[in-house]
Amino acid sequence: MKNITIKYGVDSITKQVEEDFTFGDLQESDAFKAALGFGDNTKALVEGIEQDRGTVIPAGATVRLETAANTKA
């Protein structure tokens, strides 16, 4: 287990997650969505750099979630 901090807007929480927990897992987690109030269309940033959904979140990381811009196909 490892601790990570997630920020969305003015809210933040620190949670313990599994070692293989990814940015995609975070963005799809109903528990985190309910706690912080974000929707499905988000991007995850660490120190201002957007992270790939398949990347494992490092222990002790602070992840900022932001609403992603809408794109047209």
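The structure displayed is predicted, hence computed values, not measured ones.
Screening E18, Q51, K2 for a side chain to side chain contact (heavy atoms under 4.5 Å, CB included) with V56, the sole residue that qualifies is K2. No option in Q27, K33, K43 other than Q27 meets the side chain to side chain contact (heavy atoms under 4.5 Å, CB included) test with L65.
Between A44 and V63, the shortest heavy-atom distance links the atoms CB-CG1, 3.9 Å. Between A35 and I13, the shortest heavy-atom contact is CB-CD1, 4.0 Å. The shortest heavy-atom contact between E19 and M1 is OE2-O, 2.8 Å.
Atom NZ of K15 has 12 or fewer neighbouring heavy atoms from other residues, nucleotides or ligands inside a 6.0 Å radius. Heavy atoms from other residues, nucleotides or ligands lying under 6.0 Å from NZ of K7 number 12 at most.
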*Does the side chain to side chain contact (heavy atoms under 4.5 Å, CB included) test come out yes or no for R53 and E28, once each step is laid out?*
CA-CA 10 Å; R53 293 178 72 88; E28 295 167 7; 3.1 Å; yes

*asked:* Please evaluate residues F23 and V46 with respect to the criterion side chain to side chain contact (heavy atoms under 4.5 Å, CB included), reporting the C-alpha separation (whole Å), side-chain torsions for both, the decisive distance (0.1 Å), and the verdict.
replied: CA-CA 10 Å; F23 290 101; V46 175; 3.7 Å; yes

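One finds the OG1 atom of T62 at 12.5 Å from the CG atom of L45 (value rounded to the nearest 0.5 Å). With rounding to the nearest 0.5 angstrom, the CD1 atom of I4 is 5.5 Å from the CZ atom of F21.
Within the structure, the ring pair (Phe, Tyr, Trp, His ring centres under 6.0 Å) test picks out no pair touching residues 39-58 (sequence neighbours left out). Note on residues 38-68: pairs passing ring pair (Phe, Tyr, Trp, His ring centres under 6.0 Å), not counting sequence neighbours, are Y8-F38.
Considering only heavy atoms from C-beta on, I57 stays 4.5 Å or farther from V17 through its side chain.
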